[in-house]
Amino acid sequence: MKMGEEHKKGLDAELVWEDLQACCLGGISCSLCQGKSCTIGYAKQCIEEYRKAPKKEVSEGVEHVPSIDLKAFNEDRLETAIAHILKECKDCKEDHTENCIINVIRNCYEVDLFGETHPYEGSALQYLIYVKEHFPEHAEQIASMYKK
């Protein structure tokens with residue numbers, strides 16, 4: 001898929017996996033992988049399960065997102081990953097579900113970049129506005145990458 005093309009069917013699991021790999025600090029700040037106890041490890045587990053059996057929902061996905069991850073992550077990589085996951089969003093608006101795999105993975109990135117998860121109402125545009133209001137230091141980069 002070329003940049004700028006709209007992605008409508010399924011989830012680009014390979015793109016998400018590449019972003020997770022880029023965000024993972026394996027060996028740098030972790031001597032041993034913490035797996036699902038780490039936000040990135042949990043998101044990796046979710047995408048691996050998706051690759052085996054593609055399902056829109058992650059059972060109790062939001063409940064299992066680690067709420068605290070004290071590792072220092074590369075903010076540029078997280079901003080890019082958030083922009084990419086927003087592109088995967090189908091802008092489902094009122095049909096949005098919290099346990100959608102896209103929402104769960106975005107929540108993992110949010111914990112690492114913002115320190116907590118944030119509301120999502122099924123619209124990437126509304127989310128970008130929210131980020132601009134609350135996290136202006138990250139908003140420009142996320143929006144720029146989203147528009148590419």
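If you're wondering where the values come from, they're calculated on a predicted model, not measured in any experiment. Index from 1, following the sequence. Heavy atoms only: backbone and side chains are in, while hydrogens, waters and symmetry mates are out.
Between Lys90 and Ile102, the shortest heavy-atom contact is NZ-CD1, 4.3 Å. Contact between Glu88 and Leu15 at its shortest, heavy atoms only, is OE2-CD2, 4.0 Å. Across every non-hydrogen atom of Asn107 and His118, the tightest pair is ND2-O, 4.3 Å. Of all heavy-atom pairs between Ile101 and Lys55, the closest is CG2-O, 4.2 Å. Shortest non-hydrogen contact noted between Phe73 and Cys38 is CZ-SG, 4.5 Å. Smallest separation of non-hydrogen atoms from Glu98 and Asn103: O-ND2, 2.6 Å.
Side chains of Tyr50 and Val58 form no contact here, defined as non-hydrogen atoms less than 4.5 Å apart. Side-chain atoms of Val16 and His84, non-hydrogen and from C-beta on, never get closer than 4.5 Å to each other. Considering only heavy atoms from C-beta on, Val65 comes within 4.5 Å of Tyr42 through its side chain. Counting heavy atoms from C-beta on, the side chains of Tyr146 and Leu125 never come closer than 4.5 Å.
Glu116 places no side-chain N or O within 3.5 Å of a backbone atom of Val111 that could act as its donor or acceptor partner. Although no hydrogens or angles enter the test, the distance criterion places no donor-acceptor pair under 3.5 Å between the side chain of Arg77 and the main chain of Cys23. At distances below 3.5 Å, at least one donor-acceptor pair connects side-chain atoms of Asn99 with backbone N or O atoms of Val62.
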**Request:** Begin with the C-alpha distance, continue with both residues' side-chain angles, and end with the deciding distance and a verdict on side chain to side chain donor-acceptor pair (under 3.5 Å) for Thr97 and Glu57.
**Result:** CA-CA 8 Å; Thr97 61; Glu57 301 280 322; 2.5 Å; yes

**Request:** Could you check Tyr120 against Gln126 for side-chain contact (heavy atoms from CB on, under 4.5 Å), going step by step and ending with a plain yes or no?
**Result:** CA-CA 8 Å; Tyr120 192 80; Gln126 283 181 316; over 6 Å; no

**Item:** Ile142/Tyr127 under side-chain contact (heavy atoms from CB on, under 4.5 Å): CA gap, chis, key distance, verdict
**Value:** CA-CA 11 Å; Ile142 294 171; Tyr127 182 80; 5.5 Å; no

**Request:** Would you sort out whether Asp19 and Ile105 count as a side-chain contact (heavy atoms from CB on, under 4.5 Å), showing the intermediate values?
**Result:** CA-CA 11 Å; Asp19 284 339; Ile105 292 171; over 6 Å; no

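Residues passing the salt bridge (charged side-chain N to carboxylate O under 4.0 Å, His left out) test with Glu14 are Arg51, sequence neighbours excluded. By the salt bridge (charged side-chain N to carboxylate O under 4.0 Å, His left out) test, Glu49 is found to be paired with Lys52, residues two or more places apart in sequence or in another chain being considered.
One distance of note links OG1 of Thr80 with CG of Asn74; it measures 8.5 Å at 0.5 Å rounding. A distance of 4.5 Å separates CG of Asp112 from CD1 of Ile40, quoted to the nearest 0.5 Å. Separation of atoms CG (Leu86) and CE (Met145) is listed at 11.5 Å; rounding is to 0.5 Å. With rounding to the nearest 0.5 Å, the separation of SG in Cys108 from NZ in Lys44 is 12.0 Å.
Using a cutoff of 4.0 Å between basic side-chain nitrogens and carboxylate oxygens, Glu110 and Arg106 are scored as salt-bridged.
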Which atom pairs, one a donor and one an acceptor, fall under 3.5 Å between side chains of residues 133-140 and the rest of the protein, sequence neighbours left out?
unit_1 : atom_1 : unit_2 : atom_2 : d
His134 : ND1    : Tyr130 : O      : 3.0
His138 : ND1    : Glu79  : OE2    : 2.6

